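A short worksheet on the structure shown next.
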There are 2 protein chains.
Amino acid sequence: MLTDRQLLILRAIIDDYIQTAQPVGSRTLSKRDDLTFSSATIRNDMADLEDMGLIEKPHTSAGRIPSEIGYRYYVDHLVEKQMIDEQETGRLEERLRQSSKESEILIRQAADLLSDLTNYTTVALGPNSQMETLARVDFMPLDERRGVVLIVTDQGHVEHRTVMFESRVAPEVIEETIRLLNDRLVGTSIGQLKIRIGEEVARLQLAQRQQYENMMQLIQSTVGIQTPSSLYLGGKKNIFNQPEFQTLDTLRPFLEWIDEQDRLTHWLESLPNREIYVSIGSENGIVALQHCSVITSDYTLDGETFGTIAMIGPTRMDYRHGVQMMGQIIEALRRTKLDE
Amino acid sequence: MLTDRQLLILRAIIDDYIQTAQPVGSRTLSKRDDLTFSSATIRNDMADLEDMGLIEKPHTSAGRIPSEIGYRYYVDHLVEKQMIDEQETGRLEERLRQSSKESEILIRQAADLLSDLTNYTTVALGPNSQMETLARVDFMPLDERRGVVLIVTDQGHVEHRTVMFESRVAPEVIEETIRLLNDRLVGTSIGQLKIRIGEEVARLQLAQRQQYENMMQLIQSTVGIQTPSSLYLGGKKNIFNQPEFQTLDTLRPFLEWIDEQDRLTHWLESLPNREIYVSIGSENGIVALQHCSVITSDYTLDGETFGTIAMIGPTRMDYRHGVQMMGQIIEALRRTKLDE
DNA sequence: GATTAGCACTCGTTAAATATGAGTGCTAAT
DNA sequence: ATTAGCACTCATATTTAACGAGTGCTAATC
């Protein structure tokens with residue numbers, strides 16, 4: 001167990017290091033207003049903190065820096081859950097309101113805001129349309145052999161795909177197919193749509209099958225395309241200002257990783273957390289993020305569960321500020337109404 | 001005017017430098033099989049080439065490197081227009097064919113291919129929908145107060161937007177509005193759509209206006225959103241392998257510039273070239289690209305003019321190979337059929 | 001007259017030598 | 001239990017010297 005003084009010192013080391021990115025020495029600490037002890041006393045406590053694995057030294061004659069365990073302790077015990085600052089949240093809400101009412105744009109705006117607020121890189125993941133349900137299927141002919149299949153979800157998201165017929169198809173057949181699909185499949189989740197269309201085809205009478213099978217399979221292939229959830233990166237250039245990313249060895253893996261959209265999406269989707277969660281350094285389980293920490297949270301828009309937003313910075317990130325800003329953004333998003 | 005030997009030397013210097021990224025000295029050149037002269041002779045010619053501004057030296061005791069003027073001369077006189085390699089183009093066409101028939105995906109694939117082929121970064125710009133014309137407008141109700149407005153272009157591209165009504169609108173009014181718009185506006189270019197809707201509203205009888213104005217303005221606002229042409233970046237990480245981008249001073253401006261999607265799109269759209277064009281260093285007129293060269297070309301897909309594709313590398317790029325690969329990709333795209 | 005060998009000179013790069021100083025751990029005094 | 005004092009460590013910065021690739025010029029050669 002830590003003594004009060006050790007706690008004070010640990011906190012001071014981390015706060016200082018977060019600000020300066022320089023190892024913190026005992027003399028520097030003893031000059032702080034909130035630490036009235038001599039540097040020797042502090043040195044003794046620092047040795048203890050090091051034994052406990054909370055801090056470490058880059059080399060013999062340097063000051064101390066927090067270890068991952070130290071950051072973890074700091075986040076768990078020293079970052080108090082802060083109250084929502086009503087005024088600030090209001091301001092954020094206002095800025096979101098002004099940008100747009102289109103959810104896609106709102107989310108981008110939220111990511112940009114969060115990034116501006118913290119100077120870290122943010123990633124926002126939109127709704128995973130696999131979870132939404134079919135509200136309507138429609139078909140728009142373009143010319144004799146081409147047309148656009150439209151799939152609208154209950155959330156108002158639209159997917160479309162241009163299809164070609166191998167030969168001319170009678171308009172009645174198309175109309176009837178669409179009617180059939182609308183009758184039978186509205187309410188089905190998008191993820192299951194492909195399978196369900198297959199089932200419907202199987203259920204057709206032999207006579208009908210000849211007519212409709214082709215058309216339905218065409219639509220089935222349309223649905224088959226996995227529609228990736230929309231991903232948005234905000235403040236990517238912020239990383240350039242972080243002292244720990246001033247060398248290619250650290251910068252390159254990070255940039256290469258974050259530009260890999262599919263992997264990034266998958267990673268965000270795999271995070272199981274509903275509320276604000278902090279993941280530190282190697283806890284991320286990703287080599288490219290071993291010197292980064294991530295604050296993630298699911299968010300709701302206008303009350304409905306929507307997606308995930310993440311903030312990525314060096315392990316030496318300002319957790320207190322980051323967590324607070326994250327809280328305010330998701331609160332502002334929650335309050336944002338999509339309609340007027 | 002250049003003597004034959006000077007031409008040979010200039011070519012050798014540029015070829016060598018493109019490969020090694022190291023200043024080329026007279027002794028190195030004299031050891032080449034295609035240069036049979038002594039290093040002293042070569043030195044004399046090099047001095048002449050330098051006087052003409054075609055090559056320069058980084059410092060007194062280094063070899064020579066090509067100047068921008070030198071690269072320009074090289075590209076204009078020393079890179080012969082190469083024939084399309086039928087076999088290779090066929091292979092590319094095959095790989096494109098296999099990926100998809102969706103134009104968006106095809107273009108991404110083309111950019112990735114070009115990037116793999118050359119190890120440079122590529123940018124592909126899809127069709128600018130402003131130029132396409134309206135094929136159909138439609139509306140899909142979602143619930144009492146929400147619906148999706150769909151705009152389909154003659155090329156089969158779809159834009160959609162969810163709209164909210166302030167109060168319930170009679171289905172007949174909606175239907176009639178859509179009918180009206182379809183009657184009057186099909187064939188209008190997307191760029192002009194907003195203005196044209198305004199004109200139609202103005203033309204309404206006073207009685208009708210009350211009914212439809214609201215609805216039409218809602219649709220107008222939908223169209224108003226500038227639909228950015230689709231942009232795709234391929235092989236962004238290739239830049240990390242270029243020796244001239246191993247320092248943050250050069251890397252950072254480049255990465256910051258290329259991540260600015262709007263600016264990038266605008267830049268690509270502003271290029272007036274129909275055929276393959278090479279732009280070297282400061283010719284680009286962009287600070288972030290002052291040490292880069294760009295090979296751009298418009299491309300057609302299945303015969304129809306479609307968009308622009310660009311290849312970005314250091315000024316020390318392999319122009320010969322780059323131009324050739326660019327030619328083959330746009331040829332492969334031209335031959336790719338969208339339907340079967 | 002064109003080419004080439006020879007040589008002094010330049011200057012960026014690398015390596016070794018040295019100095020600096022922030023910070024530590026330990027011991028003894030308070 | 002705390003603190004002053006001091007020897008010791010080690011990354012960083014600075015200086016110096018050695019190195020060598022490449023040049024320009026001159027004089028000899030074809």
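Chain letters run A, B, ... following the sequence lines, proteins first, then strands; residues in each count from 1. In this text the structure is predicted, and so the values were computed from the model without any measurement.
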- Of the nucleotides C:dA5, C:dG25, C:dC11, which has the atom closest to the B:S61 side chain? C:dC11
- Message: Taking pairing as Watson-Crick or G-U wobble with both contacts under 3.5 Å, can you name the mate of C:dC26, or confirm there isn't one?
- Response: D:dG5
- Message: So, does A:R64 get its side chain near the phosphate of C:dT24, meaning an N or O under 4.0 Å from OP1 or OP2?
- Response: yes
- Indicate whether the side chain of B:N238 and that of B:S115 have a donor and an acceptor atom separated by less than 3.5 Å. yes
- Of all the choices, C:dT10, D:dC10, D:dG5, which nucleotide is nearest to the side chain of A:T60 once you look at every atom? D:dC10
- Task: Round to a whole Å and report the spacing from CG of B:D45 to C1' of D:dC25.
- Result: 16 Å
- Write down the atom of B:K236, the atom of B:I258, and the distance for their closest heavy-atom approach. CD-CG2, 3.9 Å
- Note on the structure: Testing D:dT3, C:dT4, C:dG12 for proximity to the side chain of B:T41, the answer is C:dT4
- To the nearest Å, how far apart are B:R27 CZ and D:dG24 P? 17 Å
- 5′-ward residue of the pair A:A40/A:T28 relative to DNA chain C: A:T28
- Provide, to the nearest angstrom, the distance between the CG atom belonging to A:D48 and the C1' atom belonging to D:dA1. 13 Å
- Task: Report the distance from atom CD1 of A:I13 to atom P of C:dG23, rounded to the nearest whole Å.
- Result: 12 Å
- Rounded distance (Å) that lies between atom C1' of C:dG23 and atom NZ of A:K57: 9 Å
- Task: Mind listing the closest non-hydrogen atom pair of B:N284 and B:L289 along with its distance?
- Result: ND2-O, 3.5 Å
- Here the distance between atom P of C:dA22 and atom OH of A:Y17, to the nearest Å, is 19 Å
- Provide the closest heavy-atom pair for B:E283 versus B:V278 in the form atom of the first, atom of the second, distance. OE1-O, 4.0 Å
- Could you tell me the separation between the CE atom of B:M46 and the C1' atom of D:dG24, rounded to a whole number of Å? 12 Å
- Item | Where A:I9 and A:L35 come nearest, the two heavy atoms and their spacing | CG1-CD1, 4.3 Å
- Message: With a 3.5 Å limit on both atom pairs, tell me what D:dC19 is paired to, counting Watson-Crick and G-U wobble, or say none.
- Response: C:dG12
- Query: Given C:dA2, is OP1 or OP2 found less than 4.0 Å from the side-chain N or O atoms of B:R5?
  - Reply: no
- When you get a sec, tell me which of C:dC26, D:dT23, C:dG12 is the closest nucleotide to the side chain of A:R43? C:dC26
- Message: Just the rounded figure in Å: distance from C1' of D:dT23 to CG of B:L49.
- Response: 15 Å
- Message: Need one value for A:S39: base, sugar-phosphate or nothing, where a base atom within 4.0 Å counts as base even if backbone is also close, heavy atoms only.
- Response: nothing
- Message: Base, sugar-phosphate or nothing for B:A62? Non-hydrogen atoms, less than 4.0 Å.
- Response: sugar-phosphate
